[in-house]
Structures are given as C-alpha cells and as structure tokens.
Amino acid sequence: MIHFEPILSWNWAWLFAVAILAILVAQLFWIQKSNLKPSRKGIRIGLNALLPLLVIGYIFQPTWKSTSSEQAVLVYSASTKKSLINKFRDSLDLKKSFEIAKYRGEGNPVYLLGSDFSMVELLRLDTKDIRWISEYESSSISFLEWKGILRKGELQTVNGRIETQDSLKISLSQQGELLKETWLGPSSGIFSIQFPASVLGRNELDLMVNDSLYGSINFYTSAVTPIHYRLQFAFPDSEIRFLSQYLIASGETVSEQIDISKNSKITSGDSKTDSLQIYIVDPAQLNKKSIQEAIEIGASVLMMNLIDPATDIPTINKALDSNFKVQRTTSEEFRVIDSDLESAPFEFEKVIAQKMLFEDGFAVQQVGNGKVGVSLLGRTFPLKLAGDSLRYQEIWQKILSAMLPQQSGGIQLTQPVFIGMDAELMVNQQEFEDDFIRIESDSVFLQQSLVNPFSKSGSFVSLDSGWISIGDTLEMYSYSASEWPSLKAAKQRADFLSDHSGNTSRTQVSEVEKKISDWLWYGMLLLVLTMIWLEPKVLN
C-alpha cells in the first residue's frame, strides 16, 4: 500500500501542487491553441505534463512497504571510524551497513557498532535481534562499580575493568593523599580495590591510572550503630588476647568468655547489650545455646581457630545453616597468603552469595539478618609483635567490616548513578512504616522483596547532578553526562538490552519501508527538462 511523506508540511505541499497544476492547465491550453501539427502537440503536451507531475511526486514522496528475506546488517553511530566499520563488516561477512540516522528497518539480526546512540535512535531497533559490538579505546575503563552508601568501618570495594595491553598502576587518593593502589599486569584488565570506609559523610576520591586522573569515586558514609564484640573460646590464646586488646583500643565494646577447664572459665565485660553483636568464636562453641540465639536475633558469628577444616566446616554448616565448602590445595602444613600471612592448607570453593577474601582463605555469607564468617587464616599477632601495626589493622578491618550485620534502616545503592537514567536502591528494615522513601523532593515507591521479608527496593530516575539527599540523614551522588561518559554509554546499552530483550523478532522475512531515491528523482527531472529543451530543435 502506497502512502505519502511530503518533504514540506501538508498545507504547503497541497498549495504547491495546486499552483503547479494551474500552471499546467494554462500550458496545455496554449499548446492546444497553437498551429503545431497534431503529432507535435501530443509530444509537447506529454512532456509538459510529465514535468509538473514529477515535481509533485517529488514533493509528496510516495513510499510503500516491501517484504524481503532477512539478512544481517551492520548499524553504526555517526562517530564510528570508517576503518572500524570496514573491519567488522568484513569479519562478520555482512553485505549492508547503515549509519543509524539512515537506517530504515532493513535486516535482522542487527549488529550494532558504537556507543553514542540516543535513546530515540535505539528505540527504533526495539523489535530487532540486536548483537551489540563493544569496542573500547585502549586504556579506557569499560566497567566500574562501587557501593554508594556505607556505614563507617564497612569495606568499600571498587571493581573495574580497563582495556589495556600494558602494565598499569590503579590508585585511589583522597584530598591528595594516597589511599590504596594496585598493579595490573599486561592484558589482565580486571582490578578490585578494597578499603574500609573511615570518613563520615561525603567521600570524593580520585581514581588515577598511572599519573592520569580518570574520574571521581563518590560515596556517602553514615555513622554505624554501636557494635558489641563477644569473644568465646575453649582455651586461652595469644591471638584472642591481641584481638581483644585491638578492639578495645579502637573504642569498641568487648566481652570475653574463655574456658580454662571443664568447670572454670574467665569472663570479662558485660555480655548484656542492646547493640548489634558480632560473636567471635571457635568450633567448640557451636553446641552452646547462646550461639543459636545470636543468629536468630540477627547477630553475626565469626568462626576461627579451626583444627581441621575438612571436618569443622560440615559441623559449622549444620549448626549455623550455612553452606561453606573447602578443598585442600597443598600437602604442606600451611598455605602462604601474601608474604606475611599464612592459612590452613585449604581454600573455600566459590559458592553463590558468599564473599571471599585473602585468596579464598576467608568466606562470609548472609544467614537470616546476620552473617556467618569462617576464617582459615593463621596467627596475625606476630605482625603486631614485629611492629607492623598497620598491616595487622588492615587485616582485621577487612574481616570485621565484612562481618557487619545488617542495620535496620540501612540503604544499599550501587554507583555510578547518572542523571536521567534508571537507578535502584534497596532498603533493609525490620518493620516498614511507609512504602516509599524520599529522594530530594520526590517520593520513590518501594516494592517488597520476594525472598527477604525485611527488604524492599525501588527504582528512580535522578533529575539533578551532584549530591542528592535520601531521607533525612543520607546522601548520594548523581553523575552528570560529562562524567564517566564511557560508563554512561555502557549502562545505557545494558539497560536497553535488558528492557527490550523480550521484544526481539527472529523471523526470516522483514517488512521494510521503501521510497524512490532522491538521485532518481533528480535524474528523471533532468531527463525530462533535457527532452523539453531538445523537442523544438529536433522536430522543427
């Protein structure tokens, strides 16, 4: 079926058509009144009628739909280099390629090359089977993710991937002071930087690659609810004594219960508290009722000083409803982790929803509202005795921050969040008074989690850039379009593919909208004008 898409507005198109037809009628009238032979009159009438009809046709632009067999095509953004287009067109053996602005729906699947597409352009492809080709420049960051809101002492983890063939130094600095750094070997690409959040309020860190500033890592740190550490062990131990001293020196509330014989024990501190609790125990405590009750009320339990992980881990799993798995990795008595730390000759196997640290020598998982962690690490107090207090502190900050139990009212948010794009947050709370949370002046509706009765999540779109308030006490950072442009493009691509994955068409026949090429119109007009000019010269 033919329809029209005029190059002008419909009103102007009709006005030009009427004017042209009026001129044609006048021409035909004068030709008919002329003294030309009948054959000459017929030729001249035909030529003079054909020219205005072609002009009217060009103005109204007739279009029609045509069905054709599906063939894969390459669609690219305006900024894509020609050499890159030819490279992928040849490697994929594609016959047709189009710039996104000139694409009219031909072909399926569509190989999409580039990153700077607008959402309007992408929506034109929502029924196609899209194969997006990710192509990043050397030394560009293609993935970056970190926690947007943390509690003081919680472990911040910055995960990323950089496209490189060289060795690189990735570092984070705060107000000009180096906070943490890591080195990437040639072609490794993936990096992870971990450190405890220690500065309350807004944190703005600089991410440096070698000596170049790539962007800012912004997050918000809130004050933590007081934590009570409860140490229970079957026998006195130097590792426990040094750990207790370290916690007390850090301002933490600590109570101890150390068994020295069957009927004798040493206790210190007040075991009764309303604070969040972290139990640090050995496997001998598993049969005690206090440990079971601790898990039920949402406390975290850290198991250490294991005698034989192969037999202790199943006992821990049965008692605490966890699912840790270990495997022996060496026949030696110990496994070396870094140069100053040892572990039992086992490592934890990768299990969904478990977090690993220290080369899989430590694992933690959520159980109810609390956490269960198991450490295979050896003694750390020799570091303290050797005067390396910073390394000792770094080890225990990582372990204890991973063990922080959930706090009522806590909010989880993954960064980066970009202005004008969807983002999601999760609220953990034992009792919800409202089904919404306030972000700036807007209210975001929260939906109940299907697996966790104490969690709700909500989606929102940030309308402003910079620091934005959440509720009454928290803040988040919203990045502008000019900050982390490669990450914004990657997120837009991921969101689009996720939203439209169910709309794809995999049929072998496509319906394409076609119209006469402008060059063909120009050629026909030029041909008719030439014939009108030649007619009196040739036929006289």
Side-chain angles (χ1 to χ4, degrees), residues 153-159 180 182-183 185 188 190-196 229 231 233 237-240 242-243 246-247 278-286 300-317 319-320 322-367 370-386 388-405:
E154 187 176 351
L155 195 65
Q156 172 67 283
T157 303
V158 180
N159 295 316
K180 197 76 174 179
T182 186
W183 283 88
S188 58
I190 297 175
F191 64 90
S192 181
I193 302 177
Q194 295 180 327
F195 57 93
Y229 290 89
L231 280 63
F233 288 86
D237 181 77
S238 297
E239 181 76 1
I240 307 309
F242 274 85
L243 176 58
Y246 164 73
L247 292 172
I278 295 180
Y279 280 68
I280 304 177
V281 301
D282 59 15
Q285 312 301 311
L286 287 174
S300 294
V301 177
L302 170 60
M303 304 295 304
M304 53 185 293
N305 287 5
L306 276 64
I307 304 300
D308 180 10
T311 57
D312 289 338
I313 292 298
T315 304
I316 294 171
N317 288 336
L320 303 182
S322 55
N323 59 336
F324 298 105
K325 297 179 181 179
V326 293
Q327 60 182 353
R328 192 178 185 96
T329 58
T330 176
S331 59
E332 301 294 331
E333 186 178 358
F334 295 103
R335 181 167 66 97
V336 177
I337 297 177
D338 295 329
S339 59
D340 54 6
L341 193 59
E342 292 180 340
S343 164
F346 294 82
E347 68 177 27
F348 286 96
E349 297 182 17
K350 303 294 184 183
V351 177
I352 295 176
Q354 286 183 5
K355 183 176 182 179
M356 312 294 181
L357 295 173
F358 300 107
E359 299 180 19
D360 300 337
F362 172 86
V364 60
Q365 76 170 80
Q366 189 80 31
V367 177
K371 294 180 179 179
V372 174
V374 181
S375 173
L376 304 179
L377 302 181
R379 298 177 181 275
T380 58
F381 75 89
L383 292 170
K384 190 92 168 178
L385 289 177
D388 196 353
S389 298
L390 291 178
R391 175 60 172 158
Y392 181 86
Q393 176 181 336
E394 179 186 13
I395 293 171
W396 280 105
Q397 278 184 333
K398 277 190 175 183
I399 294 174
L400 296 177
S401 63
M403 293 301 304
L404 284 176

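Throughout, numbering of the chain's residues begins at 1 and tracks the sequence.
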Verify, without hydrogens or angle tests, whether T330 (side chain) and E332 (backbone) share a donor-acceptor contact under 3.5 angstrom. yes
Test item: F334 and L341 side chains (from C-beta on) under 4.5 Å apart, heavy atoms: no
Say you draw a straight line from CD of E239 to CE of M304; how long is it, rounded to the nearest 0.5 Å? 5.0 Å
Qualifying residues under salt bridge (Lys or Arg N to Asp or Glu O under 4.0 Å), relative to D360, sequence neighbours excluded: K350
Go through it in stages, so that I can follow the logic: the residues are W396 and L247, the test is side chain to side chain contact (heavy atoms under 4.5 Å, CB included), and I'd like the CA-CA distance, side-chain angles, deciding distance and then a yes or no. CA-CA 10 Å; W396 280 105; L247 292 172; over 6 Å; no
From CG (L302) to NZ (K371), nearest 0.5 Å: 12.0 Å
State, yes or no, whether a side-chain contact exists between V364 and M403 at a heavy-atom distance under 4.5 Å. yes
F362 and F358 aromatic ring geometry - parallel, tilted or perpendicular at 30°/60° bounds: perpendicular
d(T157 OG1, L357 CG) to nearest 0.5 Å is 7.5 Å
The criterion is side chain to side chain contact (heavy atoms under 4.5 Å, CB included); which residues satisfy it with I190, sequence neighbours excluded? R161
Could you tell me if the side chain of S322 sits less than 4.5 Å from the side chain of I316, heavy atoms only? yes
Checking side chain to side chain contact (heavy atoms under 4.5 Å, CB included) for the pair Y392/L243: CA distance, chi angles, key distance, verdict? CA-CA 10 Å; Y392 181 86; L243 176 58; 4.1 Å; yes
In Å and rounded to the nearest 0.5 Å, what is the OG1 to CG distance from T380 to L385? 10.0 Å
Charged tip of K384 within 45° of Y246 ring normal and under 6.0 Å: no
If you apply the rule side chain to side chain contact (heavy atoms under 4.5 Å, CB included), what do you find for M303 with V281, and how did you get there? CA-CA 5 Å; M303 304 295 304; V281 301; 3.3 Å; yes
Please list, chain by chain and in numerical order, all residues satisfying salt bridge (Lys or Arg N to Asp or Glu O under 4.0 Å) with R391, sequence neighbours excluded. D338, D340, E394
Donor-acceptor contact present, side-chain Q354 to main-chain N323, <3.5 Å: yes
Return yes if some donor-acceptor pair links the side-chain N/O of N317 with the main-chain N/O of F324 below 3.5 Å, else return no. yes
Side-chain touch K180/T182, heavy atoms, less than 4.5 angstrom: no
Testing the basics here: between S375 and L306, what is the closest heavy-atom pair and its distance to 0.1 Å? O-CD1, 4.0 Å
Working to the nearest 0.5 angstrom, can you tell me the gap between I240 CD1 and L231 CG? 6.0 Å
Rounded to the nearest 0.5 Å, what's the gap from CH2 on W183 to CZ on F191? Could you check? 14.5 Å
Heavy atoms only: give me the nearest L155-P196 pair and the separation to one decimal. CD1-N, 4.0 Å
Any side-chain to backbone donor/acceptor pair from S300 onto I278? Under 3.5 Å, distance only. no
Take Y229 and L400, measure what side chain to side chain contact (heavy atoms under 4.5 Å, CB included) needs, and give me the verdict at the end. CA-CA 10 Å; Y229 290 89; L400 296 177; 3.9 Å; yes
Which heavy atom of P309 sits nearest to which heavy atom of P314, and what is that distance? O-CD, 4.1 Å
Contact check, side chains of F348 and V374, non-hydrogen atoms, under 4.5 Å: yes
What heavy-atom pair brings M356 and E349 nearest, and what distance separates the two atoms? CE-O, 3.0 Å
What's the shortest heavy-atom distance between G153 and L404, and which atoms? C-CD1, 4.2 Å
Nearest heavy atoms of G370 and Q366, plus distance in Å: O-NE2, 3.0 Å
Below 4.5 Å, heavy atoms only, C-beta onward: do L320 and V367 meet side chain to side chain? no
